[in-house]
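Please read the structure below before turning to the comments.
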Amino acid sequence: MVQVRIDGIRTVVPEGTTVLEAAETMGIRIPTLCHYPGLSPFGGCRVCLVEVKRGDRSPLEASCTLPVDEGQVILTASRKVMEARRVVVELLLSSCPSSKTLQDLASQLGINRVRFKIKERECILCGRCVRYCKEQMRSGGIDFVGRGMASTVSSAFGTTPAECRNCGGCQWVCPVCERACLAGDLLNGLCGGCHNAAPVETCLVCTHCSESVGAGGHRVFHQ
Amino acid sequence: MKTDLEKVAAIIDRYDRHCDGLVSILHEVQHEFHFLPEDAVRMVAEFLGLPLVQVYGVATFFKAFSLQPRGEHTISVCMGTACHVRGAPNVLNEIKRHLGIEPGENSPDMKFRLETVNCLGACALGPIVVIDSEYEGEVNSGKVKKLLDKHKAAVMEKVHA
Amino acid sequence: MPNLKSPVALEQLRNHIMTRRPPEQITVSVCGGTGCHAYKCEDVAAALRQELACHPGGRDVVMKVTGCHGLCERGPLMVIHPQGIFYQRVKPGDVPEIVAETVFGGRFIDRLLYTGPGMDAAALREDDIPFYRKQQRLIFGNNGLIDPTSIEDYMAIGGYSSLAKALFAMKPADVIEEIKVSGLRGRGGAGFPTGLKWEMCASAVAHDGARYVICNADEGDPGAYMDRSLLEGNPHSVIEGMIIGAYAVGAGTGYVYVRHEYPLALKNLRTALIQAERYGLLGDNILGSRFNFRIRISVGGGAFVCGEETALLFSIEGKPGNPRQRPPFPARQGLFGKPTVLNNVETWANVPVITGLGGPWYARLGTRNSKGTKIFSLVGKINNTGLVEVPMGITLREIVFDIGGGIPGGKGFKAVQTGGPSGGCLPESLLDLPVDFDRLIEAGSIMGSGGMIVMDGETCMVDVARYFTHFLTEESCGKCVPCREGLDRMLDILTDITEGRGRPEDIELLQELGEAIKSASLCALGRTAPNPVLSTLRYFRDEYDAHIRGGRCPAGVCKALISCSIDTARCNGCGLCARECPQVAITGEKKQAHVIDQGQCTRCGLCKDLCKFDAVVIS
């Protein structure tokens, strides 16, 4: 067993547990994106960043891939964490504004502007589908191909892989395909119709898209 | 064109059919055919016992590999830092203008392929252009035309011979 | 071919080699490094071979093509022993005279001797040249003495004696202790203490006993070629280091991961590995010690990120080079899941020196936390382009001005960029900074693998920041968001600034984005990638302001912010520019000063490069 301290609270968890899992057992919620229950940790989206106190250094690490270590001191929502996390989500939003998962995440984090060029892509390369196919279906017909900004998820030579059983799981776990934000006219890449805490008088972009309407009705941030 | 798969098999066998030879194998296959033909890639995956998409992923990850046929003669413009500060971008623009192609493209007659490389480690001579394996040092945009003419003439000579 | 079965047999062989090499032996070394190769040194070597064959005394002269001597600026280089006469810029036509006058006549030829800025008389020997005088060439100095394809040459300078010492006079733990005492830190970039890494690997649990040592020769930094020159010029020193390391941690297999862009390094390494196997220095029962070790070669495919250790391991395993989270560190779970020590070429080349001379001896060199020497590749706007090996703690000023000979063309020093594409640009005010791992980080740069790029007044720092960011965007593996998306957006902003579309708020945004990429990225590539931008923002903020607020590029580089015109006093109307201008933007009568039509001009710079009278002015 390993003793760690997360957000000031001590806990003891089995060796090999990740920091994300340890936090969950304590009821501390760390936002995640590429992480998915039942799939191996990937550590690519960097939304679940936490601050690890190590002497005078305190690097940020992805909690989903970080194993607990004896005496570890973790901060899940420090200023440093929040600043980096907000930039990460802002970047994601600028590359895939049509994802409702991302729009909701942005609202939760209080992101009220996107300062980067919007480059609409249909994939955020979180790799959930790749891992689902490989690990849950034991198929592995799709993977990351290419590199950097040119990387995509694809099968070899873009043809239907021989391994594919048409299970549809890849679409089911996708944070972009399944939960598209329906708002047609995004303000500066932002919708936030479902989750945003800053209300305006008229909802300019709300499409009544979500189940997540609070007591105050649909609210949207408008710059 | 049909790929000579026996050659591919011989290459794979030379690396004991071990996955640690994958990149080397792909290099040799590309050297043989000037690019990576689809059936050769499929064969490599099969012989090494690797998922096809993994081999395809490696072939697309590394800059050295091309899944499309490449021009016969490669013109590489070094875009390393030393060459950059000495004016390599102007040289590249001038070559692009003369050949009418972008880096990573082939000339329509498939004689030339234009590429950029990150550093050739001959920084004292920058900017450097390498045509096939011949180094041309201290190139500037004014020298490009002569340089290309010289190599075009050499290529034509070979064709006639 | 002797298969050496004991350390005594190795010593006997060495003595045998030495008796055939009297100190008065005339030897002519021609530098065959990549720089000299590009200057066609093989033609010089061929001319020399032919000339010696014709000369009656030619048989008694030994001729060698060696690895890089370092002073690439003046290639092709030639050194004539035993006097050590150093000739530079040798052409095939000079060879008959060299053979007649110097080799057999003992006289030197003035025009081939080195002269340089601040020198009263021409230099006869390497040691007389300021470029070499301040260096301490512990690792790199042997390059000029040996033919890299000859294991006997390496043995003649004491090669493999450190291995014999390690195998027979030291326990594995002693070797690790010696490395720890030496204070050696990894030369690949991060500067992790090598001894600690080895200890971690040696103490890690390996279920089937398998461990690996790996040499990282995937030197991807543009403008850096020290590892290439070591592998090309002295491959046995790297191999010897790896065998010692393997013995220390108990590894049975090693890999050298080489860039495919380095064909000569690959060739010389292959030759060296075959020789070492034949001599019983690799394989089973090395020198009769019952220690077994083999080295395999793995070739890279052109990906900068594969210099990152976890990416490199995936690449050897036949997977794309996407880094993964550490821990677990490769020393505990590395190649194929086994404990693995991964060091770069230069680090491995230091190992035989430390093993031979002892850790305490080595620890006397350098500064408190950075020991030994470091090889830098000094390139860019500098008089003496080349490879230099200096003790840690030397100042940047000594490297740039004393060794490098300063900036050509009187344009003035502006910045030096250390640490490869993800290093920082340091201004003139920091020239007295001692070069060591920690001081460079404090100044916002890194040691990296040792690239050192000098920039002068004609270099635009915003353009340089854009250049590095572009490079890193292309080389990002694409796995994690801050590096993939962040660098791409950073490039967008920088491109806007260099193309005249910068907004005042961009500076703050670059700063915030840079900090986020630095702290949130997965691997060292992303975590250092914003350095060029952040360091230029810190030291050259005025250039950003000039681009954004002033709408001009002070260095005259960014095309959208400059204009080309012709200095009527200098133009003699030769008409060359007008004939070649792709835009037909230049007009003028014969023998009259020409004019550039600003509306047509695309600032491609062709006219400036073509003009023999320096009449094209950029403002």
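Naming: A, B, ... by sequence-line order, numbering from 1 per chain.
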Supply the atom-to-atom distance [X] [atom1] to [Y] [atom2], rounded to the nearest 0.5 angstrom.
X: A:F116; Y: C:D492; atom1: CZ; atom2: CG; answer: 10.0 Å
X: C:K479; Y: A:C34; atom1: NZ; atom2: SG; answer: 8.5 Å
X: C:R326; Y: A:L66; atom1: CZ; atom2: CG; answer: 13.0 Å
X: A:E61; Y: C:L522; atom1: CD; atom2: CG; answer: 8.5 Å

Neighbour count >12 (heavy atoms, 6.0 Å) for atom CD, A:Q3: yes
More than 12 heavy atoms from other groups under 6.0 Å of CD on A:E122: no
From CA spacing to verdict: side-chain contact (heavy atoms from CB on, under 4.5 Å), A:E83, C:E515: CA-CA 9 Å; A:E83 279 176 359; C:E515 299 291 348; over 6 Å; no
Pick from C:C483, C:G321, C:S476, C:P327 with the largest number of heavy-atom pairs that fall under 4.5 Å of chain A: C:S476
Largest heavy-atom contact set with chain A, pairs under 4.5 Å, which of C:E474, C:E512, C:K518: C:E512
Any idea which heavy atoms bring [X] and [Y] closest together, and the distance?
X: A:R147; Y: C:G302; result: NH1-O, 3.1 Å
X: C:A520; Y: A:L49; result: CB-CD1, 3.4 Å
X: A:M149; Y: C:R484; result: SD-O, 3.6 Å
X: A:K80; Y: C:S519; result: CE-CB, 4.5 Å
X: C:R527; Y: A:P59; result: NH1-CB, 4.1 Å

Residue among A:L33, A:D143, A:L92, A:V145 with most heavy-atom pairs under 4.5 Å to chain C: A:L92
Heavy-atom pair count under 4.5 Å with chain C, highest-scoring of A:A84, A:S95, A:P67, A:G43: A:S95
Non-hydrogen side-chain atoms of C:I493 and A:K117 separated by less than 4.5 Å: no
Check: A:R115 and C:L513 side chains under 4.5 Å, non-hydrogen atoms: no
Polar side chain donor-acceptor pair, C:S521 to A:R46, under 3.5 angstrom: no
Side chain, backbone, both or neither of C:D496 within contact of chain A (heavy atoms, under 4.5 Å): side chain
Side chain / backbone / both / neither for C:E505 at chain A, heavy atoms under 4.5 Å: neither
Given A:I124, A:L93, A:L91, A:V88, the one that forms side chain to side chain contact (heavy atoms under 4.5 Å, CB included) with C:E485: A:L91
Residue part contacting chain C, namely of A:V87, when any heavy atom lies under 4.5 Å: side chain
Per-residue contact mode, A:S151 against chain C (heavy atom under 4.5 angstrom): side chain
